[in-house]
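Everything on this sheet refers to the single structure shown next.
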Amino acid sequence: YMLLPHFYVGSTNPDGPNHFLKTKYVEKGLMKYVPWYMSDACYEGAKKFYRDLLIDYADCPSLLQRFLYGKWVGSDNLIYVNFRPNKHICDWDDDWYSQVKRTIIGIDAGSNHPTAIVIVNLTYEGQYIVSREYKLQHTAPSLISSELGRIWRELSSLGANIKAIYIDPAALWLKEQLQSDGFNPIGAKNSHEEGIGYIRTLLSRGDLLIDRSCKELKNEFLTYSFKKKDDDAVNKIDDDLLDGTRYAVYTDHALYGEG
């Protein structure tokens with residue numbers, strides 16, 4: 001019999017310049033590499049599809065270069081390099097509140113920055129979907145609690161089964177106010193490394209989605225970065241909604257093992 005050589009046919013978006021496919025195979029000529037550009041797409045709707053992607057990635061130069069121009073470039077220290085608007089943005093329907101397994105609320109409390117509130121829903125299929133985002137400019141705990149009450153009543157009227165409020169564990173001043181107003185806030189799990197790792201896992205599986213209306217959260221996903229490469233310290237700039245999302249999703253998973 002005749003032995004046939006092993007072969008593999010596949011496609012991929014470029015990654016960083018040190019990715020093993022580029023350094024071990026492409027640069028050494030060990031694989032036939034055919035670059036493909038968005039201008040090569042000739043199917044119906046291709047122009048609109050790529051025009052929308054250009055808008056989505058306008059604030060994220062590295063992903064713009066990788067996904068649309070086929071360049072092997074660094075990640076600009078980005079944390080969620082696997083967040084892709086065309087994959088992770090959905091169109092939430094308020095009728096779904098009564099159909100999901102549970103609804104949870106994540107709060108990143110701010111004394112010198114906005115307080116962020118995110119509404120997250122766990123489906124019976126194990127997906128987390130962020131359906132709403134709120135950024136409150138006022139910092140008085142009574143006003144934040146009042147706004148949370150309004151949000152709670154509105155969601156309940158839509159059939160939401162709100163199971164928990166996960167709050168920044170350092171925000172004791174807000175936690176006490178919420179408790180005095182009849183809420184039962186739970187201190188969130190606040191490990192950056194574990195929480196970020198879990199969010200990345202969900203993104204890679206397609207199990208974390210955000211509604212199209214959550215534009216600020218989308219922008220935070222696209223710009224959230226480490227201070228330095230190979231350093232776990234993050235830039236604490238424009239990350240309020242991301243923190244609220246991480247509090248809700250990771251704490252819910254840590255407590256219940258779902259998602």
Side-chain angles (χ1 to χ4, degrees), residues 48-49 52-53 55-56 80 83-110 114-138 143-168 174 178 181-186 188 195 198-199 201-203 205-222 224 238-253 255-256 258-259:
K48 181 182 184 306
F49 175 76
D52 291 343
L53 286 185
I55 295 172
D56 285 339
Y80 295 121
F83 175 78
R84 300 176 62 180
N86 63 329
K87 176 180 179 181
H88 297 109
I89 290 179
C90 68
D91 293 297
W92 173 265
D93 189 318
D94 283 347
D95 289 340
W96 296 350
Y97 280 117
S98 61
Q99 302 171 24
V100 296
K101 192 168 188 177
R102 60 177 171 269
T103 297
I104 55 179
I105 298 175
I107 301 178
D108 180 43
T115 290
I117 301 175
V118 293
I119 311 304
V120 185
N121 309 273
L122 177 65
T123 71
Y124 283 96
E125 292 73 34
Q127 281 188 317
Y128 286 101
I129 305 177
V130 182
S131 56
R132 296 191 183 188
E133 64 175 26
Y134 304 88
K135 266 193 176 180
L136 311 182
Q137 298 301 322
H138 44 256
L143 294 178
I144 296 172
S145 181
S146 176
E147 180 65 11
L148 180 61
R150 184 196 66 77
I151 294 169
W152 186 291
R153 291 189 296 273
E154 181 180 356
L155 294 176
S156 296
S157 71
L158 294 171
N161 179 26
I162 306 173
K163 285 296 188 180
I165 300 172
Y166 299 116
I167 185 172
D168 179 353
L174 180 56
L178 296 178
D181 290 340
F183 294 106
N184 183 31
I186 299 170
Y198 184 60
I199 294 292
T201 297
L202 289 176
L203 290 172
R205 297 196 322 231
D207 284 339
L208 176 59
L209 306 175
I210 68 173
D211 179 60
R212 196 172 304 279
S213 66
C214 300
K215 295 180 180 179
E216 291 193 58
L217 178 57
K218 183 199 82 169
N219 290 336
E220 290 185 15
F221 265 113
L222 290 172
Y224 195 41
D238 294 330
D239 64 348
D240 308 314
L241 291 163
L242 271 179
D243 279 352
T245 301
R246 176 168 53 83
Y247 292 153
V249 170
Y250 180 61
T251 308
D252 188 71
H253 167 71
L255 294 178
Y256 298 102
E258 298 181 277

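These figures come from a predicted structure and were not determined experimentally.
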**Asked** Of the non-hydrogen atoms in S213 and S131, which two are nearest, and what is the gap between them?
**Response** OG-O, 3.9 Å
**Request:** Could you tell me whether the side chain of Y224 reaches within less than 4.5 Å of the side chain of D243, counting heavy atoms only?
**Result:** yes
**Prompt:** Minimum heavy-atom separation for Y134 to R150, with atom names?
**Reply:** CE2-NH2, 3.9 Å
**Complete:** Of all heavy-atom pairs linking Y247 and I107, the shortest is CD1-O, 3.4 Å
**Prompt:** Checking D211 side chain against W92 main chain: does a donor-acceptor pair fall under 3.5 Å?
**Reply:** yes
**Message:** Could you tell me if the side chain of L209 sits less than 4.5 Å from the side chain of Q127, heavy atoms only?
**Reply:** yes
**Asked** Are V120 and Y166 close enough, and set up right, to give a side chain to side chain contact (heavy atoms under 4.5 Å, CB included), and what steps lead you there?
**Response** CA-CA 11 Å; V120 185; Y166 299 116; over 6 Å; no
**Prompt:** Side chains of T103 and N161: donor-acceptor distance under 3.5 Å anywhere?
**Reply:** no
**Asked** In this structure, are over 12 heavy atoms from other groups packed under 6.0 Å from K87 atom NZ?
**Response** yes
**Asked** When rounded to the nearest 0.5 angstrom, what is the spacing between CG in D108 and OG1 in T245?
**Response** 9.5 Å
**Message:** Using every non-hydrogen atom in the two residues, find where S145 and F183 come nearest and quote the distance to one decimal.
**Reply:** OG-CE1, 3.8 Å
**Message:** Show, in sequence, the C-alpha distance, side-chain angles and deciding distance for I105 and V118, and conclude whether the side chain to side chain contact (heavy atoms under 4.5 Å, CB included) test is met.
**Reply:** CA-CA 6 Å; I105 298 175; V118 293; over 6 Å; no
**Message:** Main chain of P114, side chain of Q137: is a donor-acceptor contact present, judged purely on distance under 3.5 Å?
**Reply:** no
**Prompt:** Quick one: CD1 on I119 to CD1 on I151, what's the gap to the nearest 0.5 Å?
**Reply:** 5.5 Å
**Complete:** Here the gap from L255 atom CG to I186 atom CD1, rounded to the nearest 0.5 Å, amounts to 6.5 Å
**Y97 and S156 side chains, donor-acceptor separation under 3.5 Å** = no
**Non-hydrogen atoms of I89 and F83 that approach each other most closely** = CG1-CZ, 4.5 Å
**Asked** Can D252 and R102 be said to form a salt bridge (charged side-chain N to carboxylate O under 4.0 Å, His left out), step by step?
**Response** CA-CA 10 Å; D252 188 71; R102 60 177 171 269; 3.0 Å; yes
**Request:** Indicate yes or no for a side-chain donor-acceptor contact from E133 to the backbone of L217 under 3.5 Å, with no hydrogens or angles considered.
**Result:** yes
**Asked** For R84, does its backbone N or O pair with a side-chain atom of H88 as donor and acceptor, under 3.5 Å?
**Response** yes
**Item:** CG on L148 to CG on L136, rounded to 0.5 Å
**Value:** 9.0 Å
**Asked** Could you state the interatomic distance from OH (Y128) to CG (L122), rounded to the nearest 0.5 Å?
**Response** 5.0 Å
**Prompt:** Hey, are the side chains of V100 and Y124 touching, using non-hydrogen atoms and a 4.5 Å cut-off?
**Reply:** no
**Request:** Apply the test side chain to side chain contact (heavy atoms under 4.5 Å, CB included) to residues L202 and R205: give CA-CA distance (whole Å), side-chain angles for both, the deciding distance (0.1 Å), then the verdict.
**Result:** CA-CA 5 Å; L202 289 176; R205 297 196 322 231; 3.5 Å; yes
**Message:** As a quick check of understanding, evaluate side chain to side chain contact (heavy atoms under 4.5 Å, CB included) for I162 and W152, giving each step before the final call.
**Reply:** CA-CA 8 Å; I162 306 173; W152 186 291; 3.4 Å; yes
**Request:** State the NZ-CG distance between K215 and N219, to the nearest 0.5 angstrom.
**Result:** 9.5 Å
**Prompt:** Taking the side chain from T251 and the backbone from A248, do they hold a donor-acceptor pair closer than 3.5 Å?
**Reply:** no
**Prompt:** Which pair of heavy atoms, one from W96 and one from D91, lies closest together, and at what distance?
**Reply:** CH2-O, 3.3 Å
**Request:** Look only at the side chain of T115 and the backbone of G110, and say whether a donor-acceptor pair between them is shorter than 3.5 Å.
**Result:** yes
**Heavy-atom donor-acceptor pair, N121 side chain to I129 backbone, under 3.5 Å** = yes
**Message:** Quick test of your reading of the model: are R132 and D94 salt-bridged, counting only N-O distances below 4.0 Å?
**Reply:** yes
**Salt-bridge contact K135-E220 (side-chain N to carboxylate O under 4.0 Å)** = yes
